[in-house]
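All chains are named by letter (A, B, ...) in the order of the sequence lines, taking the proteins before the strands, and each is independently numbered beginning at 1. What you are looking at is a predicted structure, and each value in this text was computed from that prediction instead of being measured.
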Number of protein chains: 2
Amino acid sequence: MIFDNTVPIYIQIMKLIKKDIILGKLELGAKVLSTREYAQELKVNPNTMVRVFNELEREGITFTKRGVGTFITESKEKVESMKKEMAEDIIRNFIDGMLELGFEFSDMIDLIKHRLEKEVVQ
Amino acid sequence: MIFDNTVPIYIQIMKLIKKDIILGKLELGAKVLSTREYAQELKVNPNTMVRVFNELEREGITFTKRGVGTFITESKEKVESMKKEMAEDIIRNFIDGMLELGFEFSDMIDLIKHRLEKEVVQ
DNA sequence: ACTAGTGTACTATATACATATAACACTAGT
DNA sequence: ACTAGTGTTATATGTATATAGTACACTAGT
């Protein structure tokens, strides 16, 4: 795992875990690695993982049983709304960013299509 | 100007100035506000503006004449490549982000089109 | 009861960022 | 020469982030 040093590591790990949930790599209700295990796995300080899980719990994504472990929420709805929220953010960033650079709506569609064609070829 | 506290202010101001150049609000070769004026305008510390201009100069976007002021590059090519770079970044973030959430290429086009229709109506 | 594996909490240190404040150096216009 | 307006440099302070290290509290299995 390589981190972008312009964004706090705990934020990046939060996104990583959210994506793992969305993609089904982490199942609903499943126990995740302990803070210490995750810290070792991601080569990060245990305290950073504590922060990650505190924030995720605050958002209702995970819950913890003291002395037992940390678990993914059981709520399918929560995961769905999380996915939708993350997608909305990405779409918004794209459109707003392109508008701010002076691109028109038609440019956006063209650029995306053009880029996707390239990707498919690869 | 409202700043997003998850990103360093000097980075946000750099983007702001780059956008102003791209949109022609700041002309090639033009003298920009002094660090002190910009600081007052954006309600930011003068040292933060010093950092902004140091970084922009390092990127070849601006140049300074000591005791005189700070100026936008004369190079049209520089501005063009900067715009292209910023657009590429935005497009890349969009595609990578959506792929990581499990969306297909066709989903992306649909979502963008759908969102753009909404925007136009507004 | 004991123990291993959890989460929790705390202190200390280092770095980046942003601010506040002040002083210095250069340039252009008077 | 002087002065106002530049950029430049420096010290100090506060906050957020990340790390290192330690200790405590709870739970489940033995």
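- Across residues 43-54 of chain B, Val44(B), Asn45(B), Asn47(B), Thr48(B), Arg51(B) each have a non-hydrogen atom less than 4.0 Å from an atom of DNA chain C (numbered order).
- Heavy-atom minimum distance, Val68(A) versus Lys31(A): O-CE, 3.2 Å.
- With rounding to whole Å, Asp4(A) atom CG is found 15 Å from dT17(D) atom P.
- For the pair Phe63(B) and Glu57(B), the tightest heavy-atom approach, listed with the atom from each and the gap, is CA-OE2, 3.9 Å.
- The separation between Arg66(B) atom CZ and dA4(D) atom C1' is 16 Å, rounded to whole Å.
- Distance CD1 (Ile13(B)) to C1' (dC17(C)): 12 Å, rounded to an integer number of Å.
- In this structure, Arg36(A) places its CZ atom 16 Å from P of dT19(D), rounding to the nearest Å.
- Among the nucleotides dG7(C), dA18(D), dA18(C), the one closest to the side chain of Tyr10(A) is dA18(D).
- Between Thr70(A) and the phosphate of dT6(C), there is no side-chain N or O to OP1/OP2 separation shorter than 4.0 Å.
- Out of dT17(D), dT6(C), dG7(D), the shortest distance to the side chain of Ser34(A) is found at dT6(C).
- One atom, CG of Asn5(B), and another, P of dA18(C), lie 11 Å apart when rounded to the nearest Å.
- Taking the side chain as every heavy atom from C-beta outward, Met86(B) and Ile22(B) approach each other to under 4.5 Å.
- Residues Glu59(B) and Met14(B) are in side-chain contact: their nearest non-hydrogen atoms beyond the backbone lie under 4.5 Å apart.
- The closest donor-acceptor contact from the side chain of Asp107(A) to the backbone of Glu104(A) lies under 3.5 Å.
- Both tests hold for Lys83(A) against Phe103(B): distance to the six-membered ring centre under 6.0 Å, angle to the ring axis within 45°.
- Following rounding to the nearest Å, Arg58(A) (CZ) and dT8(C) (P) show an atom-to-atom distance of 15 Å.
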Pairing annotation in dot-bracket form, given for DNA chain D with Watson-Crick or G-U pairs under 3.5 Å and | for cross-strand partners: ||||||||||||||||||||||||||||||
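- Within 4.0 Å of Glu57(B), counting heavy atoms only, lies no atom of the nucleic acid at all.
- With hydrogens and angles disregarded, no donor-acceptor distance shorter than 3.5 Å links the side chain of Thr64(A) to the backbone of Arg66(A).
- The side chain of Thr35(A) approaches dG7(C) more closely than any other nucleotide in the set dG7(C), dA18(D), dG7(D).
- Rounded to an integer number of Å, the gap from CD1 of Ile9(A) to P of dT17(D) is 12 Å.
- Between the OH atom of Tyr38(B) and the C1' atom of dA18(C) there is a distance of 19 Å, given to the nearest Å.
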